[in-house]
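Take a look at the structure set out below.
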Amino acid sequence: MFDIQLIIREKERVLAAMRKRNFADINLVDKALELHEKRRRLITEAETLRAEQNRRSKEMPQVTKNGPPEEKRALQEELKVLAEKVKSFQPLVRAIEEELAAVLLAIPNMLPDDAPEGGEDNAVFIKEWGKKPDFSFAPREHDDLCMRLFDFARGATLAGSRFAVLWGPLATLERALISFMLDIHTRERGYTEVLPPFLVNRATMTATGQLPKFEEDLFRTNDDLFLIPTAEVPLTNLHRGEILSEEMLPLAYCAYTPCFRREAGNYGKDTKGYIRQHQFNKIELVKFTRPEDSETELLKLLDDAEEILRRLGLPYRVVRLAAQDQGFSSAKTYDIEVWLPGQGRYREISSCSTFTDYQARRGDIRFKRKGAKATEFVHTLNGSGLAVGRTLIAILENYQRADGSVTIPPALRPYTGGWEKIEPT
RNA sequence: GGAGAGAUGUCCGAGUGGUCGAAGGAGCUUGACUCGAAAUCAAGUGUGCCCCGUUCGGGGUACCUAGGGUUCGAAUCCCUAUCUCUCCUCCA
C-alpha cells in the first residue's frame, strides 16, 4: 500500500521514482490524490451528520422515561430521517475507499534517490569473490553432466514442461544443500528456522505485493489459496496485523520451502535444463527491522547469503539492480550471481532486498518504541539464502571433471554421507 | 464430515440494547520513596480517519474476529464467513 501522505507531501519525488522504474500508469498518482480529496469531502459531510444523530440520540432515554409519548414518536421520526441520510453515505464512501485502496495497491514502492537508472543491462557491479575454475577441457552444462539423473521427460509426464524428477545422487545433493544452508543460517548467523504453510490466502499474497497485480504468475487452488512463489510470502506475513515491541527487533527468520511459479511471460526463456522450473527449492531469509537499521541489516543479510557460496567455493559477483529491473515492492535490491562455467556466464542465485515500509504498510506490521506512544511501520527485508536448484547446478558445473564426474565440495560432504564425487552417468 | 461452546484493548478478563472506548488485573511510562534495585504508593497508558488550532493539543467519527441485518440507538439481538476449543467420525 503506497502511503497517500507521501504522495501529498512529495508528489514530484514519487512521480520521479515511477518514471525511473519506467512504470506505465503514472496517472495513478493524480487518481489517488483526486480520490483522496473526494473521500475527505464525503467523510467530513457524513461525520457531521453522524455527530448530529448521535447527539440527538442521547436524548432518547430521557424522553422515553419522562416525556409524553408524542414527543418520543416525533423524536423517533426525526432520527429515522437522519439515520437514513447517514446511511446513504455508506455505499458512496465505501466505493471511493475501495477505489483508492486499489490505486494505492497498484503503485510500486518508492525508490531511494541513488537508485541506478536503467534496466537489466544497467546493474551496478558491487563486488566479486572467488576464482573461476580453469578447465583443461570444454566445461559442460549441468544437464549435460549427470544426464540420466535429471529426468525432464518424466517430469513432463508427471506434471508438464518445466518440471523435473531428480534421481539418486542429485536428489541427495539437493537435500544435502537444504540442510547445509539451514544449518549455517540458524547455527552461525542467528536466524530462527520456520516451517510455514506452502499455500496461503489472498490477504497474505496482497501484503507482500504478489496480489492484486501479479496473479497470473501464481498457481491457485480451487479453494482460492495460492501456492507460494517464495517463502518471503509466509515469513513476512508471520507478523501481519501485529504491533511488535522494539526490543524484539530485528527479527531474523529463515525457511526452506518449495516455490511455485507460473513463469508467465518467460516463454522460451531458459527452457533447457534445471535453471527455470515451475517448482524449485529455496532457502529464504527474512528480517523485520527498525527503519534506521534496514540498510545495515540488508548488507548483513547479503553477507549471510554470500557465505553459503564461499563455503561451497563457488565464484560469484554481487550487483545492485537498476530501477527498471527491480521488483514492484522492493526499494533496493542486490543480486548475487554465481559463475556457471558450462554456460560461461553469471546467473542469479539470490536476490536480497529491502522493502522499506511498503510491505509493512500493506500488511499492517508495526512496532512501538520503548516509551513511545505512537506506533511505526517496521521495515521488511528478504533474500534467498540460496536458491537450492541453482546452487546444485553451480556445483555440477564448477566441480566437473574431464570424465564427467563431479567432485562434492568438502563443506558439503558431511551432508552427503561422505561422498566425494558423483560418478558420470 | 457430525454435535456443541467460544472469539473483547499489549496480555488476562468483566460486560447481554442507550450514561461502554469499554470494569478489574497484569504489563508499560512517569513521579514519590531509595545510595541504587526490589517492594510500596500516585498518576498516566489503544488504533485509524476527519476537522480546527498547528512545539503540542482540542473537537468529531469509526473500530469489542470479519461482512451483512434488525433498531431512533448494537460489544450486547439475528444471519453468514473465518478461526479456536470440546465430543464423535476419519486420517499421515
Side-chain angles (χ1 to χ4, degrees), chain A residues 1-9 32-105 195-207 211 221-226 234 237-249 251 288 290 357 360-378:
Chain A
M1 180 84 65
F2 205 92
D3 181 9
I4 184 72
Q5 295 303 331
L6 185 60
I7 296 180
I8 292 168
R9 285 197 316 269
L33 285 173
E34 184 190 315
L35 286 166
H36 179 254
E37 199 41 52
K38 217 186 257 181
R39 172 177 178 276
R40 268 168 35 137
R41 283 200 301 272
L42 267 179
I43 293 264
T44 306
E45 196 177 343
E47 288 192 349
T48 307
L49 275 171
R50 183 78 208 205
E52 168 76 5
Q53 186 194 6
N54 285 344
R55 203 176 319 121
R56 298 286 278 141
S57 212
K58 285 203 179 108
E59 298 169 13
M60 193 54 129
Q62 201 40 254
V63 172
T64 306
K65 216 185 282 177
N66 308 323
E70 314 84 70
E71 196 184 334
K72 182 187 171 183
R73 268 200 306 279
L75 183 56
Q76 263 181 1
E77 277 312 307
E78 188 194 330
L79 281 171
K80 196 161 194 163
V81 173
L82 248 181
E84 296 291 324
K85 246 197 221 168
V86 169
K87 270 187 194 151
S88 71
F89 276 92
Q90 264 179 26
L92 298 177
V93 172
R94 196 173 53 197
I96 299 246
E97 286 184 342
E98 276 172 14
E99 211 181 327
L100 178 58
V103 168
L104 292 176
L105 284 171
L195 184 59
F198 301 160
L199 274 74
V200 299
N201 58 31
R202 242 168 222 286
T204 296
M205 280 295 183
T206 304
L211 292 181
T221 72
N222 289 332
D223 305 297
D224 210 33
L225 293 172
F226 297 85
N237 274 275
L238 241 21
H239 296 295
R240 176 151 56 85
E242 293 185 15
I243 298 172
L244 307 167
S245 62
E246 185 179 17
E247 307 89 83
M248 295 169 73
L249 303 177
L251 287 166
F288 300 80
R290 300 185 301 180
D357 64 352
R361 235 171 243 289
R362 293 170 77 112
D364 193 24
I365 311 166
R366 290 170 291 168
F367 78 104
K368 191 176 265 188
R369 289 185 196 272
K370 206 167 158 54
K373 270 190 171 180
T375 57
E376 296 172 53
F377 289 109
V378 299

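Below, read A as the first sequence line, B as the second, and so on, with proteins coming before strands; counting in each chain starts at 1.
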What is the distance from CZ of Arg50(A) to P of G59(B), rounded to the nearest Å?
-> 20 Å
Which whole-number value in Å describes the distance from Leu35(A) CG to C49(B) C1'?
-> 16 Å
Rounded to whole angstrom, note down the C1' distance from G9(B) over to A14(B).
-> 13 Å
Atom C1', compared across A23(B) and C35(B): separation rounded to whole Å = 41 Å
Starting at the 5' end of RNA chain B, which residue's closest nucleotide do you reach first, Lys368(A) or Glu97(A)?
-> Lys368(A)
Between A74(B) and A62(B) - C1' atom distance, rounded Å | 14 Å
Ile4(A) CD1 to C50(B) P: how many Å, rounded?
-> 10 Å
Hey, does Leu75(A) reach any base, or is it just sugar-phosphate, or nothing, if we go heavy atoms under 4.0 Å?
-> nothing
Sort out for me which residue in Glu77(A), Glu78(A), Glu71(A), Lys72(A) forms a side-chain contact (heavy atoms from CB on, under 4.5 Å) with Leu75(A).
-> Glu78(A)
Once you round to the nearest 0.5 Å, how far does OG1 of Thr204(A) lie from CG of Leu199(A)?
-> 11.0 Å
Here the distance between atom P of G73(B) and atom CD of Glu78(A), to the nearest Å, is 13 Å
Return no unless some side-chain N or O of Lys80(A) is found under 4.0 Å from OP1 or OP2 of C72(B).
-> yes
Sub-3.5 Å donor-acceptor pair from the side chain of Asp3(A) to the main-chain atoms of Gln5(A), do we have one?
-> yes
Contact class for Arg94(A) (heavy atom, under 4.0 Å): base, sugar-phosphate, or nothing?
-> sugar-phosphate
Given Gln53(A), Glu59(A), Lys58(A), the one that forms side-chain contact (heavy atoms from CB on, under 4.5 Å) with Arg56(A) = Glu59(A)
When rounded to the nearest Å, what value does the distance between C1' atoms of A75(B) and U71(B) take?
-> 16 Å
Using Watson-Crick or G-U wobble geometry with both distances below 3.5 Å, tell me the partner of C77(B), or none.
-> G69(B)
With a 4.5 Å limit on heavy-atom distance, are the side chains of Asp364(A) and Phe377(A) in contact?
-> yes
Would you say C72(B) has OP1 or OP2 under 4.0 Å from some side-chain N or O of Asn54(A)?
-> no
Watson-Crick or G-U wobble partner for C56(B), using a 3.5 Å limit on both distances?
-> none
Inter-nucleotide C1' distance (C77(B), G2(B)), Å rounded = 28 Å
Could you work out which one of G18(B), U10(B), C50(B) sits closest to the side chain of Pro61(A)?
-> G18(B)
What's the CG-C1' distance between Leu49(A) and C50(B), to the nearest Å?
-> 14 Å
Between Glu37(A) and Arg40(A), is there a side-chain N and carboxylate O pair less than 4.0 Å apart?
-> yes
Distance test, side-chain N/O of Arg56(A) to OP1/OP2 of C72(B), below 4.0 Å | no
Minimum-distance nucleotide (side-chain atoms of Glu47(A) versus G60(B), G73(B), G18(B)) = G60(B)
When both distances are under 3.5 Å in a Watson-Crick or G-U wobble arrangement, the nucleotide paired with C87(B) is G2(B)
Over how many whole Å does the gap from Leu100(A) atom CG to C50(B) atom P extend?
-> 10 Å
Would you mind pulling out the nucleotide paired to G17(B), Watson-Crick or G-U wobble, both distances under 3.5 Å?
-> none
Would you mind classifying the nucleic acid contact of Arg39(A) as base, sugar-phosphate or nothing, using non-hydrogen atoms under 4.0 angstrom?
-> sugar-phosphate
Under a 3.5 Å limit for both distances, which nucleotide forms a Watson-Crick or G-U wobble pair with C63(B), could you say?
-> G46(B)
Which of the following nucleotides, C72(B), G48(B), C50(B), is nearest to the side chain of Gln53(A)?
-> C72(B)
Apply salt bridge (charged side-chain N to carboxylate O under 4.0 Å, His left out) to Glu52(A) and Arg55(A), showing your working.
-> CA-CA 5 Å; Glu52(A) 168 76 5; Arg55(A) 203 176 319 121; 2.9 Å; yes
P spacing across the pair U65(B) / U76(B), given as an integer number of angstrom | 8 Å
Winner on side-chain proximity to Thr375(A), out of C51(B), U47(B), C72(B), is U47(B)
For Ala83(A) and for Ala51(A), find the nucleotide of RNA chain B with the closest heavy atom, then tell me which residue's nucleotide is more 5'.
-> Ala51(A)
What is the distance, rounded to the nearest whole Å, between atom CD of Glu376(A) and atom P of G46(B)?
-> 17 Å
A66(B) and A7(B): how far apart are their C1' atoms, nearest whole angstrom?
-> 11 Å
On a whole-Å scale, what distance lies between the C1' atoms belonging to U82(B) and C41(B)?
-> 46 Å
Establish, with yes or no, whether the OP1 or OP2 oxygen of U10(B) is under 4.0 angstrom from a side-chain nitrogen or oxygen of His239(A).
-> no
Separation of U29(B) P from Arg369(A) CZ (nearest whole Å) = 16 Å
C41(B) pairs with which nucleotide, Watson-Crick or G-U wobble, both distances below 3.5 Å?
-> G31(B)
Show your working on side chain to side chain contact (heavy atoms under 4.5 Å, CB included) between Leu225(A) and Asn201(A) and close with a plain yes or no.
-> CA-CA 5 Å; Leu225(A) 293 172; Asn201(A) 58 31; 4.1 Å; yes
Below 4.0 Å: OP1/OP2 of C51(B) and any side-chain N or O of Arg40(A) = yes
For Ser57(A), which contact category applies under a 4.0 Å heavy-atom criterion: base, sugar-phosphate, or nothing?
-> base
